[in-house]
Structure formats: C-alpha cells, structure tokens
J.: 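Please read through the structure below; I'll follow up with questions.
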Amino acid sequence: MSEWLDPNVATSWLEQDQLVGFLVLPRRIAATLVAGDRPRTKLVADIGSGPGDFLEVLLDLFPSAHGVWTDVSPVMADAARQRLARYGDRVSYRLTDMTDLANLPGDLDVVMTSRASHHLDPAQLARFYTEAAEHLAPGGWLLNLDHIGPDPVWDKRLRAVRKQLIPPSDKAGAHQHKDALPSIADHLEGLAKAGFGDVEMPWRGLYTCLFAARHDG
Ligand SMILES: C[S@@+](CC[C@H](N)C(=O)[O-])C[C@H]1O[C@@H](n2cnc3c(N)ncnc32)[C@H](O)[C@@H]1O
C-alpha cells in the first residue's frame, strides 16, 4: 500500500492507466443501480479514489449529492482537485488510509471503491467491508469495482486474452501486485462477514468485477 505514497508510482500510474474506456460501462451500471433504488442519494464516499473518475459518475447522476474523496496519495489528491474542480464545494478531500475508515462521515448513501481493495489480504478486505457497513445508512450501498485473483488455470487464460485486447503499457514504474489478489469467494465471504445479505456481481470483464451490496441496516 505504502508504494502509493511514492509520487513516482502515483504519477506513472496516472500516465499509463489503460482501463479508462473499459471501465465506463461498469461505473455507469453501478451508479444507475443505486439511482434505481436510492434516487435521493445525498452523500457518497469514494475510497482510494485516485483522480476521481468513478466519483465523477455518481456526482453527475446525483446533482445534489456531496462526494467525499479519499485516498492516501497527495499526488492523487492534486489530480482529483483538478479533475473534479467543476463540482466546487460539492466535493471534500480527505487523505485517508482505507485500512482505517474511522474518520469517514456516518449515514453515507454510498461507499464506493475501485481498483484499490486488491491490495488487501482477505482478513483486511473483510475488515474494510465491515468498516464500510458501519458508515452506511440503512439501505445504503457498497460498490466495489476491482480486480480479482482467479484460479491458476483461468489466470493463464485471462492473461492471454487481456494481453491481446489491452496491450500492456511500456511505461516504467507501474505499481506492483502481490502474488494472490483476493478471489471472488474472498469478496463474497468478506461481504457476508460484514453483514451484507443482499449482494450481487452485476458486471465482470476479465479480471475486473463489480460487487454491489445493499446494507440492510
Ligand atoms: C489503481 S488506483 C485506482 C484509482 C481509482 N479508484 C480508479 O479506479 O480510477 C489505486 C488507488 O488506490 C489508492 N490506494 C492504495 N492504497 C490505499 C490505501 N491503503 N488507502 C487509500 N487509498 C489507497 C492509491 O493511492 C490509488 O489512488
């Protein structure tokens, strides 16, 4: 995780993110799903928000909502402040580690995160989901769009497909992943441990899955 505090890691990631187009659909599915169930959404928090692309989709769909941007990286905070400048005081910015969400506001309509939780091990992931649940209003939504670790056979197959469809970047400095990313089962177990009973995976593309869970309260 701490590698993201290195300005070079954050800067080179911002320069080489190749999934921007690929993630347009799942971000919209996530936001539209919430809109169908919770049309008066007012307060959303994006954890590990980076430049804020996912948060932006919810701010556009809910014009009276306030967004809480969080991340560990000051470089990402600068990028997000530029990207989200047009929302003015509809966005507040907090440098926050996702392993400790104590400083998040309560009664959130949505806790969302994207491409960040794969740095957690299964126990940390379950804790993250539990802390997120503690900050959600009854009926609020947890949205997690992240890369998962498939079993070795499928890992090989998916890697081959991805290499052809989304060629790897030639930029140096891309961040490192540990050997085993949490699996789909780890996510579902973590969500169950956190008390989410209403869970679905409404989108998957290769390694990347959207988990959506409604907090029963
Ligand atoms: C791959 S980027 C994804 C950014 C954005 N969520 C997206 O999908 O476009 C991962 C982000 O997670 C942040 N991050 C990594 N570890 C974190 C932690 N422990 N707490 C909060 N943010 C973290 C990084 O600084 C970075 O902005």
Side-chain angles (χ1 to χ4, degrees), residues 1-11 13-14 30 34 41-55 58-59 65-81 84 90-149 175-183 186-196 199 209-217:
M1 295 268 180
S2 55
E3 64 170 341
W4 287 96
L5 293 170
D6 177 346
N8 294 324
V9 170
T11 304
W13 184 86
L14 285 167
V34 173
T41 285
K42 286 273 182 298
L43 187 59
V44 309
D46 190 7
I47 315 299
S49 185
D53 309 32
F54 194 12
L55 183 57
L58 272 86
L59 292 172
H66 181 87
V68 182
W69 175 99
T70 77
D71 201 287
V72 274
S73 161
V75 168
M76 291 295 186
D78 290 344
R81 281 180 189 280
L84 304 176
R90 284 183 62 204
V91 184
S92 49
Y93 298 85
R94 299 183 183 195
L95 285 173
T96 303
D97 194 304
M98 69 189 298
T99 58
D100 179 3
L101 301 184
N103 289 330
L104 273 194
D107 261 359
L108 286 156
D109 293 294
V110 178
V111 174
M112 54 201 279
T113 184
S114 165
R115 297 188 287 171
S117 70
H118 60 272
H119 292 290
L120 305 174
D121 66 31
Q124 291 172 321
L125 182 64
R127 263 201 306 282
F128 169 75
Y129 283 140
T130 298
E131 281 202 83
E134 286 166 0
H135 289 83
L136 279 172
W141 283 87
L142 181 287
L143 303 171
N144 189 0
L145 178 60
D146 203 5
H147 313 310
I148 54 90
H175 72 287
Q176 301 298 308
H177 288 149
K178 55 187 170 48
D179 292 342
L181 273 53
S183 64
D186 291 328
H187 282 274
L188 297 179
E189 275 169 35
L191 287 163
K193 278 188 190 157
F196 288 99
V199 177
C209 296
L210 172 65
F211 298 94
R214 189 174 185 276
H215 185 47
D216 302 328

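Along the sequence shown, residues are numbered consecutively beginning with 1. Just so you know, these numbers come straight off a predicted model, no measurement behind them.
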J.: Could you go step by step and tell me if Tyr129 and Lys193 meet the side-chain contact (heavy atoms from CB on, under 4.5 Å) rule?
T.: CA-CA 8 Å; Tyr129 283 140; Lys193 278 188 190 157; over 6 Å; no
J.: So which heavy atom on Gly50 is nearest to which on Ala80, and how close?
T.: O-CB, 3.5 Å
J.: Would you say the side chain of Ile47 lies within less than 4.5 Å of the side chain of Leu104, judging by non-hydrogen atoms?
T.: yes
J.: So, for Ala213 and Val199, which heavy atoms are closest and what is the spacing to 0.1 Å?
T.: CB-CG2, 3.9 Å
J.: I'd like to check the ring pair (Phe, Tyr, Trp, His ring centres under 6.0 Å) partners of Trp69; sequence neighbours left out, ordered by chain and number.
T.: Tyr93
J.: Tell me every residue that passes side chain to side chain contact (heavy atoms under 4.5 Å, CB included) with Pro105, counting only those two or more places apart in sequence or in another chain.
T.: Leu43, Val68, Arg94, Leu108
J.: Please report the interatomic distance CD(Gln124) to NE2(His119), rounded to the nearest 0.5 Å.
T.: 11.5 Å
J.: Using the ring pair (Phe, Tyr, Trp, His ring centres under 6.0 Å) criterion, which residues pair with Phe196? Sequence neighbours excluded.
T.: His215
J.: Please lay out, stage by stage, how Asp186 and Ser183 fare under the test side chain to side chain donor-acceptor pair (under 3.5 Å).
T.: CA-CA 5 Å; Asp186 291 328; Ser183 64; 3.2 Å; yes
J.: Find the distance between CG (Asp78) and CG (Leu14) and round it off to the nearest 0.5 Å.
T.: 10.0 Å
J.: Contact between Leu143 and Thr113 at the side-chain level, heavy atoms closer than 4.5 Å - yes or no?
T.: no
J.: For the side chain of Arg90 and the backbone of Leu59, is there at least one donor-acceptor N/O pair under 3.5 Å apart?
T.: yes
J.: Output the distance between atom OG1 (Thr96) and atom CG (Asn103), rounded to the nearest 0.5 Å.
T.: 6.0 Å
J.: Identify, with sequence neighbours excluded, every residue that meets salt bridge (charged side-chain N to carboxylate O under 4.0 Å, His left out) alongside Arg214.
T.: Asp37
J.: Who pairs with Lys42 by side chain to side chain contact (heavy atoms under 4.5 Å, CB included), at least two apart in sequence or on another chain?
T.: Ser64, Asp109
J.: If you measure from NE2 on His118 to NE2 on His147, what distance do you get to the nearest 0.5 Å?
T.: 5.0 Å
J.: Begin with the C-alpha distance, continue with both residues' side-chain angles, and end with the deciding distance and a verdict on side-chain contact (heavy atoms from CB on, under 4.5 Å) for Met76 and Ser49.
T.: CA-CA 8 Å; Met76 291 295 186; Ser49 185; over 6 Å; no
J.: Show your reasoning for whether side chain to side chain donor-acceptor pair (under 3.5 Å) applies to Asn144 and Ser117.
T.: CA-CA 8 Å; Asn144 189 0; Ser117 70; 2.9 Å; yes
J.: Do Thr70 and Leu95 have side chains that approach each other closer than 4.5 Å (heavy atoms only, starting at C-beta)?
T.: no
J.: Under 30°, 30 to 60°, or over 60°: which ring-plane class applies to Trp13 and Trp4, parallel, tilted or perpendicular?
T.: perpendicular
J.: Which value, rounded to the nearest 0.5 Å, describes the distance between Leu210 atom CG and Met112 atom CE?
T.: 10.5 Å
J.: Show the numbers, then the answer: is there a side-chain contact (heavy atoms from CB on, under 4.5 Å) between Leu181 and Ile148?
T.: CA-CA 6 Å; Leu181 273 53; Ile148 54 90; 5.8 Å; no
J.: Going by salt bridge (Lys or Arg N to Asp or Glu O under 4.0 Å), name the pairs with one or both residues in residues 136-148, residues two or more places apart or in two chains.
T.: none
J.: Can Leu120 and Arg127 be said to form a side-chain contact (heavy atoms from CB on, under 4.5 Å), step by step?
T.: CA-CA 10 Å; Leu120 305 174; Arg127 263 201 306 282; over 6 Å; no
J.: Which heavy atom of Ala132 sits nearest a heavy atom of Leu142, and at what distance?
T.: CB-CD2, 3.8 Å
J.: Under a 4.5 Å cut-off applied to non-hydrogen side-chain atoms, are Cys209 and His187 in contact?
T.: no
J.: When rounded to the nearest 0.5 angstrom, what is the spacing between OG1 in Thr99 and CG in Leu101?
T.: 8.0 Å
